[in-house]
Amino acid sequence: MKLQIHDTLRRDKVEFQPQNPQRVTLYVCGPTVYSYAHIGNARPVVVFDVLFRLLRTIYGEDHVIYARNITDVDDKINKAAMDQGVEIDVITNHFADIYNQDMATLGALRPTLEPRVTHNMAAIVDQIAAIVANGHAYAEQGHVLFDVESFKTYGALSRRSVDDMIAGARVEVAPYKRNPQDFVLWKPSKTGEPVWDSPWGPGRPGWHIECSAMIEANLGLPIDIHGGGHDLIFPHHENEIAQGLCAQHAHGHDSEYAHYWMHNGFLTFDGDKMSKSLGNVKLVHDLIKQVPGEVIRAALLSAHYRGPLDWTGELIAQTQSRLDGMYGTLRKFAAVPVRDEATPPAVLEALSDDLNTPRAFAELSALAKALETAADDAARIAAKSQLLAAGKVLGLLQGDAEAWFKAGVDEDLTVKIDALIAERIAARTAKNWSEADRIRKALDELGVEVMDSATGATWKLKAGV
RNA sequence: GGCCUGAUGGCGGAGCGGUUACGCACCGGAUUGCAAAUCCGUGAAGCCCGGUUCGACUCCGGGUCAGGCCUCCA
């Protein structure tokens with residue numbers, strides 16, 4: 001099975017070949033922990049979690065190193081800390097914990113490494129020093145700036161020319177910059193802000209340097225795959241390349257930084273861009289109180305990762321129905337034993353085609369149907385095992401099927417429902433249909449739907465209750 | 001202005017130069033005390049205009065529309 005991925009730099013689908021199959025490296029830009037993550041932030045997390053699972057499937061669980069940084073030095077963090085009168089780590093630890101909990105609710109595995117800027121300051125200073133030593137950066141008024149003109153292939157990832165950028169520059173050029181497109185590697189901290197020592201004076205790192213420095217320090221250059229949101233292509237990833245390469249050699253373009261670049265598309269909300277002014281920012285932290293994390297995950301995977309995805313109530317409802325159907329099948333065949341099963345080839349094939357999750361979903365449906373229509377126990381065991389194995393690589397269907405339909409039901413209600421169902425079973429046994437119907441109606445008023453079967457009765461909460 | 005995406009049935013969403021995607025919803029049938037679930041089945045598509053081709057939703061050109069990036073941003 002050959003893994004094909006779309007590489008942003010080449011603008012084409014290419015075969016993935018790791019430098020070392022025993023040590024496949026993946027880096028994805030993670031959160032700046034000053035507040036809660038929104039669903040837009042969750043898309044890359046879920047998408048690259050599937051990639052992580054797929055790579056582990058192909059190369060072995062211990063042969064994939066996935067790093068996702070936590071940015072804990074940032075202006076917005078400083079502001080939040082200042083506003084609340086606390087040290088920045090009070091803010092960053094708090095939101096990093098919430099972030100990890102929320103992403104776990106979406107079924108995302110913890111990355112192998114979660115490097116933090118504050119823990120990698122020496123590596124950052126080292127990388128800046130190397131860039132300066134190689135003649136690609138200059139110090140000016142306490143700042144260190146990357147000299148874009150010194151790096152000939154700058155703009156290759158985003159397909160921008162330096163000339164265009166100069167022509168289109170809209171912002172006022174800071175006096176310490178030689179050229180408007182030069183970007184900050186190190187800058188002085190303002191009064192009251194956290195500060196670290198450096199050869200260029202006390203200060204803090206610029207925005208882009210953290211990722212390239214942490215990649216070099218934690219994974220080693222070049223890495224196999226670098227991922228992130230589409231919006232990071234420019235300037236963030238462009239600048240990472242410039243830094244990472246120019247730290248290694250005086251002519252950075254002679255080596256490589258990341259062999260494959262993957263970027264997920266954006267989310268819109270009922271067709272609009274998410275923005276604070278429109279008031280349509282949906283936080284994962286809030287959403288998971290209303291919708292199962294697995295539904296959110298499946299909805300995020302319902303479209304191909306590179307395309308746009310419109311986040312709507314309809315999308316959530318359709319995704320919920322789809323998962324209800326599959327969990328319903330699993331509940332119906334709860335007694336069928338499961339054996340260890342490799343990822344079904346059709347699913348592996350779909351995901352190996354640049355993470356074609358919609359096609360993987362189609363296979364999931366086919367396997368669920370195979371389970372429903374299996375002629376004998378052997379076929380049922382095979383189909384159920386395959387369905388669960390397929391779900392595993394997608395991070396879906398691993399929960400208890402019975403619990404799926406009863407999520408959020410408190411104990412009092414459960415007791416009440418179970419009692420009514422017992423009464424109803426007695427009535428049905430006695431063929432007292434009017435009593436049975438009366439109880440069905442009573443349950444209905446509790447928002448519960450009863451499903452009779454040959455072996456008893458099950459129930460679930462009705463949609464929207 | 002520059003760069004980049006996308007446009008598929010009622011909705012979501014893939015593949016594919018000629019053959020059913022798949023799901024959700026709907027409709028018909030089976031099944032069910034009733035119902036749900038399930039199964040079987042029907043219907044439903046490819047923004048516009050050209051071109052290439054025996055044949056295009058699929059390739060090429062142009063247009064229209066929508067969205068993103070160029071400043072913090074997944």
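The sequence lines fix the lettering, A, B, ..., with proteins before strands; numbering per chain opens at 1.
Ring centroids of A:His226 and A:Tyr260 are separated by 6.0 Å or more, keeping the two rings apart. A centroid separation of 6.0 Å or more is found between the aromatic rings of A:Phe266 and A:His230. Ring centers of A:His237 and A:His263: under 6.0 Å apart, within the cut-off.
Applying the 3.5 Å distance criterion, the base of B:G67 shares no donor-acceptor pair with the side chain of A:Arg306. Checked by distance alone, A:Asp437 brings a side-chain donor or acceptor within 3.5 Å of a matching partner on the base of B:G33. Judged by distance alone, with hydrogens and angles left aside, A:Asp74 brings no side-chain donor or acceptor close enough to the base of B:C72 to form a pair under 3.5 Å. Within 3.5 Å, a donor on the side chain of A:Arg440 pairs with an acceptor on the base of B:C34, or the reverse. Looking at A:Glu314, its side chain has no donor and acceptor atom pair within 3.5 Å of the base of B:G12.
A:Gly40 comes within 4.0 angstrom of a base, heavy atoms only. At a threshold of 4.0 angstrom between heavy atoms, the contacts of A:Arg331 with the nucleic acid are absent. As judged by a 4.0 angstrom heavy-atom cut-off over every strand, A:Ile39 is placed among residues making no nucleic acid contact. Here A:Val45 lies out of heavy-atom contact (under 4.0 Å) with every strand. At the heavy-atom level, A:Asn41 lies under 4.0 Å from base atoms of the strands shown. A:Ser158 comes within 4.0 angstrom of sugar-phosphate atoms only, judged by non-hydrogen atoms across all strands, and of no base. Using a 4.0 Å heavy-atom criterion, one finds that A:His38 contacts the bases of the nucleic acid, with or without backbone contacts as well. Across all strands, A:Lys76 comes closer than 4.0 Å only to sugar-phosphate atoms, never to a base (heavy-atom distances).
The side chain of A:Arg428 lies closest to B:C34 when the candidates are B:C34, B:C24, B:C4. Counting only heavy atoms from C-beta on, A:Phe234 has its side chain closest to B:C70 among B:G33, B:G67, B:C70. The side chain of A:Arg424 sits closest to B:C34 out of B:A74, B:C11, B:C34. Closest to the side chain of A:Asp452, out of B:A35, B:G13, B:U38, is B:A35. Considering only side-chain atoms of A:Arg322, the nucleotide from B:A74, B:A25, B:C22 that sits closest is B:C22. Taking every side-chain heavy atom of A:Glu449 into account, B:A36 is the closest of B:A36, B:G12, B:C70. Here the nucleotide nearest the side chain of A:Arg160, chosen from B:G12, B:C22, B:G2, is B:G2. Closest contact between the side chain of A:Asp231 and the listed nucleotides B:C3, B:G33, B:C69 involves B:C69. In the set B:A36, B:A14, B:G12, B:A36 carries the atom at the smallest distance from any side-chain atom of A:Met451. Checking B:G23, B:A74, B:C34 against every side-chain atom of A:Ser365, the shortest atom distance belongs to B:G23.
The C1' atoms of B:C47 and B:U64 are separated by 8 Å, rounded to the nearest whole Å. Comparing B:U58 with B:C24, their P atoms sit 29 Å apart, to the nearest whole Å. As rounded to the nearest Å, B:G29 and B:G67 have P atoms that lie 45 Å from one another. Rounded to the nearest Å, the gap between the P atom of B:G12 and that of B:U19 is 25 Å. Across the C1' atoms, B:U42 and B:C34 are found 27 Å apart, a figure rounded to whole Å. The same atom, P, is picked in B:A30 and in B:A45; the two are 28 Å apart, to the nearest Å. B:C16 and B:G28 have their P atoms separated by 37 Å, with the value rounded to a whole Å. Nucleotides B:G18 and B:G55, compared at atom C1', are 6 Å apart to the nearest Å.
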Next item on the list: Summarise protein proximity over nucleotides 40-45 of chain B in one line of letters, 5' to 3': B for base, S for sugar-phosphate only, - for none, counting protein heavy atoms closer than 4.0 Å.
Entry: S-----

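When only modelled atom types and interatomic distance are considered, A:Thr268 and A:Asp310 share a side-chain donor-acceptor pair under 3.5 Å. A:Asn78 and A:Tyr34 share no donor-acceptor pair across their side chains, judged by distance under 3.5 Å alone.
Whole-Å rounding puts the A:His237 NE2 to B:C70 P distance at 13 Å. For A:Asp310 and B:G6, the CG to C1' distance is 13 Å, given to the nearest whole Å. When rounded to the nearest whole Å, the span between CG of A:Asp270 and P of B:A66 equals 18 Å. Atom C1' of nucleotide B:C70 and atom NE2 of A:His236 are separated by 16 Å, given to the nearest angstrom. When rounded to the nearest whole Å, the span between CD of A:Glu238 and C1' of B:C3 equals 12 Å.
Across all strands shown, B:C69 pairs with B:G2; the Watson-Crick or G-U wobble distances both stay below 3.5 Å. Pairing of B:C39, defined by two Watson-Crick or G-U wobble distances under 3.5 Å, is identified with B:G29. For B:A7, the paired base is B:U64 (Watson-Crick or G-U wobble, both distances below 3.5 Å). Applying the Watson-Crick and G-U wobble criteria (two distances, each under 3.5 Å), B:C54 pairs with B:G18.
Taking a centre distance below 5.5 Å and an interplanar angle below 30 degrees as the stacking criterion, A:Phe266 does not stack against the six-membered base ring of B:G68.
With salt bridges taken as basic N to acidic carboxylate O contacts below 4.0 Å, one links A:Glu435 and A:Arg438.
Other residues, nucleotides and ligands contribute over 12 non-hydrogen atoms within 6.0 Å of the NZ atom of A:Lys289.
Summary of the strand contacts: A:Ala436 and A:Arg359 both lie near RNA chain B, and taking for each the nucleotide with the nearest heavy atom, the more 5' one is attributed to A:Arg359. The residue among A:Ala366 and A:Ser453 whose nearest nucleotide of RNA chain B lies closer to the 5′ end is A:Ala366.
For A:Arg68 and A:Phe48, the positive end is not near the middle of the six-membered ring at less than 6.0 Å and at most 45° from its axis. Geometrically, A:Arg380 does not engage A:Phe333 in a cation-pi contact, judged by NZ or CZ lying under 6.0 Å from the ring centre and within 45° of the ring axis.
The two residues A:Leu315 and A:Ser302 come nearest to each other via the heavy atoms CD1-OG, 3.6 Å.
Using bins of under 30°, 30° to 60° and over 60° for the plane-to-plane angle, the ring pair A:Phe95/A:Tyr36 lands in the perpendicular bin.
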